[in-house]
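Nothing fancy with the numbering, it's 1 onward along the sequence. In this text the structure is predicted, and so the values were computed from the model without any measurement.
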Amino acid sequence: MNDIFTFLILTLFVIMSPGIDTALITKRTMADGQTGGYKMALGLASGSLVHTLAATFGLSALLLQSALAFEIVKYAGAIYLMYLGISAFLSKKSNTASPQKEEKSKETSAFRQGLVSNVLNPKVAVFFLTFLPQFVQSDQNVTLQLLLMGITYTILAITWFFVFVFFINYLRKWLTTPSVQRFMDKVTGVVLIGFGLKLAFEKHK
């Protein structure tokens, strides 16, 4: 139960922290209204499901074959989480969509843009490959655990994205201010660093 709670809390911190997903949804909502924002959110969430399936079946085969591989993945994930945390904490720039993305044609499907952006983002792939295994219990069904965690992540993400789109017309100026983004970066950074350290020094059974 404690592991589930930790997973949910950390997942929410990661999802709610400003990033490329937030930038894309913000830009699309401002340009096309709530409908465009909702479609972008669905596209991004669908991309998360693709990464979930890839991580689930790829990692399951590896982790079930070798206890050493299981430990290596766990420690690699802990180090990567600390790296993400330090990067977020030291970040001095607000995350905004690149000029290239802003020049996208308005005719581009919001759903397709979100899906492609998420699926082709290597950072998302690395995140799923290092984040989900931190909560895997080696004495239980690894494939099922990874799949359920990935689906849970996706559900939480789409819920937050929809709430964000709904309120963005009223709060967009506040949500996109550098001070708010810096605050979210530092809070997320502390959480990730602390969690990474906990994993690094924890004795795995």
(request) Find the distance between CG (Leu24) and OG (Ser117) and round it off to the nearest 0.5 Å. (result) 4.5 Å

(request) Side-chain contact test, heavy atoms from C-beta onward, threshold under 4.5 Å: evaluate it for Phe135 versus Leu10 and give yes or no. (result) yes

(message) Could you measure the distance from the CE atom of Met40 to the OG atom of Ser109? Nearest 0.5 Å is fine.
(response) 8.5 Å

(message) I'd like to check Thr143 versus Phe57 (side-chain heavy atoms, cut-off strictly below 4.5 Å). Are they in contact?
(response) yes

(message) Less than 4.5 Å apart, side chain to side chain, heavy atoms only: is that true for Val136 and Met149?
(response) yes

(request) Could you check Leu53 against Leu147 for side-chain contact (heavy atoms from CB on, under 4.5 Å), going step by step and ending with a plain yes or no? (result) CA-CA 7 Å; Leu53 294 176; Leu147 187 60; 4.0 Å; yes

(message) Check whether Gln145 reaches the backbone of Asn141 with its side chain - one donor and one acceptor, N or O, closer than 3.5 Å.
(response) yes

(request) Search all heavy atoms of Gly37 against all heavy atoms of Arg28 and return the closest pair with its distance. (result) N-CG, 4.4 Å

(message) Quick check for you: to the nearest 0.5 Å, what is the distance between Met16 atom CE and Leu156 atom CG?
(response) 11.0 Å

(message) I want to check something: taking the side chain as every heavy atom from C-beta on, are Thr11 and Thr152 in contact at a cut-off of under 4.5 Å?
(response) no

(message) Please find the pair of heavy atoms, one from Ala45 and one from Ile158, that lie closest to each other, and give the distance.
(response) CB-CD1, 3.9 Å

(request) Tell me, please, which residues at least two apart from Thr35 pass side chain to side chain contact (heavy atoms under 4.5 Å, CB included). (result) Lys39

(message) Testing the basics here: between Gly36 and Ala110, what is the closest heavy-atom pair and its distance to 0.1 Å?
(response) O-CB, 3.6 Å

(message) Measuring from atom CD1 of Ile15 to atom CG of Asp21, what distance do you get when rounded to the nearest 0.5 angstrom?
(response) 9.5 Å

(request) Determine whether Phe161 and Phe166 make a side-chain contact, defined as any pair of heavy atoms from C-beta on separated by less than 4.5 Å. (result) no

(request) Would you give the length of the straight line joining atom CZ of Phe164 to atom OG1 of Thr159, rounded to the nearest 0.5 angstrom? (result) 15.0 Å

(message) Looking at Thr29, is its backbone amide N or carbonyl O close enough to the side chain of Gln34 to form a donor-acceptor pair, meaning the two atoms are under 3.5 Å apart?
(response) no

(message) Tell me if the aromatic rings of Phe131 and Phe7 count as close, with their centers under 6.0 Å from one another.
(response) yes

(message) Determine whether Val165 and Ile25 satisfy the following criterion, side-chain contact (heavy atoms from CB on, under 4.5 Å), listing intermediate values before the conclusion.
(response) CA-CA 7 Å; Val165 170; Ile25 291 175; 3.4 Å; yes

(request) Compare every heavy atom of Thr52 with every heavy atom of Ile151, then report the nearest pair and how far apart it is. (result) N-CG2, 4.2 Å

(message) List the residues meeting side chain to side chain contact (heavy atoms under 4.5 Å, CB included) with Ser48, not counting sequence neighbours, and say none if there are none.
(response) Asn118, Phe128, Tyr153, Thr154

(message) Looking at every heavy atom in both Val119 and Gly47, which two are closest together, and how far apart are they?
(response) CG2-CA, 3.8 Å

(message) Working to the nearest 0.5 angstrom, can you tell me the gap between Thr6 OG1 and Gln134 CD?
(response) 12.0 Å

